[in-house]
Protein chains: 2
Amino acid sequence: MTATTDSNPYNRTMSTRPARTSRRTVYDELRRRVIGLDLGPGAPLSENELAAELGVSRTPIREALIMLAQDGLVQVFPKVGTFVSRVDAQRVADAQFLREAVELASLDDIPAVPDPELVRELRDNIARQELVEADVDQFFVLDEQFHQGLLRLANHGGTWPSVVAAKAHLDRARRLGLHDRPLHDFTLQHAQVLEALLEGGAAQARPLMRAHLRAVFDDIERLRARSPELFAPSVGQPTRRNIAVWE
Amino acid sequence: MTATTDSNPYNRTMSTRPARTSRRTVYDELRRRVIGLDLGPGAPLSENELAAELGVSRTPIREALIMLAQDGLVQVFPKVGTFVSRVDAQRVADAQFLREAVELASLDDIPAVPDPELVRELRDNIARQELVEADVDQFFVLDEQFHQGLLRLANHGGTWPSVVAAKAHLDRARRLGLHDRPLHDFTLQHAQVLEALLEGGAAQARPLMRAHLRAVFDDIERLRARSPELFAPSVGQPTRRNIAVWE
DNA sequence: AGTACACCTCTTGTATACAAGCAGTCCCGA
DNA sequence: TCGGGACTGCTTGTATACAAGAGGTGTACT
């Protein structure tokens, strides 16, 4: 699970602890399911069912769903139902665009002599990426730490939550394919970006970074060409599920 | 007020109407108050008081506050209180960075022959800006329509919600100053950006756009230099207000 | 005077009850 | 056979009751 969701630096309070409310737990869990496609695009979500399953009342469920709706991961139709958002090609493209814009622009703001402590963390991160064999989840955690680290290098770590929000839609689209491109391709790209950055600055790192980000998006676009039905436009409102089962 | 908040194109459903729930009304109202500084940074928000004032129960109030918390406009401390977020200099800088990155990058994606209908709208928008005398709110609406229009020109209208979220923090910071820079300065910059774009493409428009966006940020930075106390870091948790008043 | 401590009132978090509405089903009638 | 309308189950929206904790306040004791 990507535990970096709430790494919003502005929501830290330093003096008070994380305050793990039930709502937060539900939010994290549902977000994980949506991004991980345990809950497929268009799937209906019943507040009552979720409440029963997760062992809490409707209140924290509702509040978590509201947060997910703000993230664009679910859609709430009053008096009708709540549904996992469809994977919309336009939305995925917008997410890619935003992420690319922010991450590329941040390269220009990285100081000539970057924070050595952060650089050390990044190198260490890459070293650990190289040790990952096939654990995709583990790799994703490291991948997120790496990209967030680059933003922090530019002193723009505060934009990470926005990037993560966009990334959620990209990750979901990517998982539709299930294809297992070798993880080491990405690790190599990460290493190349970092070295180019430290050697030649933003000018040299930029094209590599763009290529790296585009590699992910190109995977998605290939998938879309192959299986367009997965990217049905989200305009069609969902149908109510048939429940029945008086058991 | 800027009514463009819910212009998220993905949340449209075409078939169902906007569904104006009470929660939405409360959210819009509180957001307006926070950005308009009717509710100053650090101000305490009591769910009970708001419920009484706005004539609804705690439920829609809570849910609206949760949405505002996700926007970073308020902070909720469990069992302690809810407070309007401080205007944090780092956060404002991050918002500026994100907005700049997205809006500048979008220029590169504007087609050589842009949608003539959208161009007409943009020209019309500028014409109306020129007619605005001193109505700041009216100007803000046109300003947002203009910037959103440019994004749509690049077929990246879907990123507008993210830009608006960042812009909220910028606007709030800007209002701390209350200074009335002539609106026509901005109108002129808008016109110059659009003309440069249509004449010479992204290459010519980019520096003008950057200058325009920076002009706003520079105002904020000047204000910060003059009145640093307004930008107190948000780490310090607020103090509980004294209520008393047995009346 | 200073300090420890019980208290008391506020806060948000959670659970539950009720309201309102959409939509599929089923039955009845033409 | 086909159409229409009441019915019935669900859905989310809102209101309210209760739980649990944080922290200011005042008092009593040293």
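Order of the sequence lines sets the chain letters (A, B, ...), proteins ahead of strands, with each chain counted from 1. No hydrogens, no waters, no symmetry mates; every other heavy atom, side chains included, goes into these values.
- For the pair A:R20 and A:D28, the salt-bridge criterion is met [side-chain N within less than 4.0 Å of a carboxylate O].
- Atom NZ of B:K79 and atom C1' of D:dG24 are 18 Å apart (whole Å).
- For B:R62 and C:dG13, the shortest distance from a side-chain N or O to OP1 or OP2 is below 4.0 Å.
- Side-chain atoms of A:R24 stay outside donor-acceptor range of the base of C:dG13, with no qualifying N/O pair under 3.5 Å.
- A cation-pi geometry, defined here as NZ or CZ lying under 6.0 Å from the six-membered ring centre and within 45° of its normal, holds between A:R175 and A:F140.
- Map B:E47 and B:T59 each onto its nearest nucleotide of DNA chain C; the residue landing nearer the 5' end is B:E47.
- Screening B:V84, B:L68, B:L39 for a side chain to side chain contact (heavy atoms under 4.5 Å, CB included) involving B:L73 leaves a single residue, B:L68.
- Ion pairing between A:E100 and A:K167 fails under the 4.0 Å rule for side-chain N and carboxylate O.
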Look for any protein N or O under 3.5 Å of an N or O in nucleotides 5-7 of chain D and output each such pair with its distance, or none.
none

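- Going from atom CZ of A:R58 over to atom P of D:dT16 covers 16 Å, rounded to whole Å.
- In this structure, B:F77 places its CZ atom 12 Å from P of C:dG13, rounding to the nearest Å.
- Across C:dA15, D:dT14, C:dG13, the shortest atom-to-atom separation from the side chain of A:P60 is found for C:dA15.
- No side-chain donor-acceptor contact under 3.5 Å links A:D109 to the backbone of A:A154.
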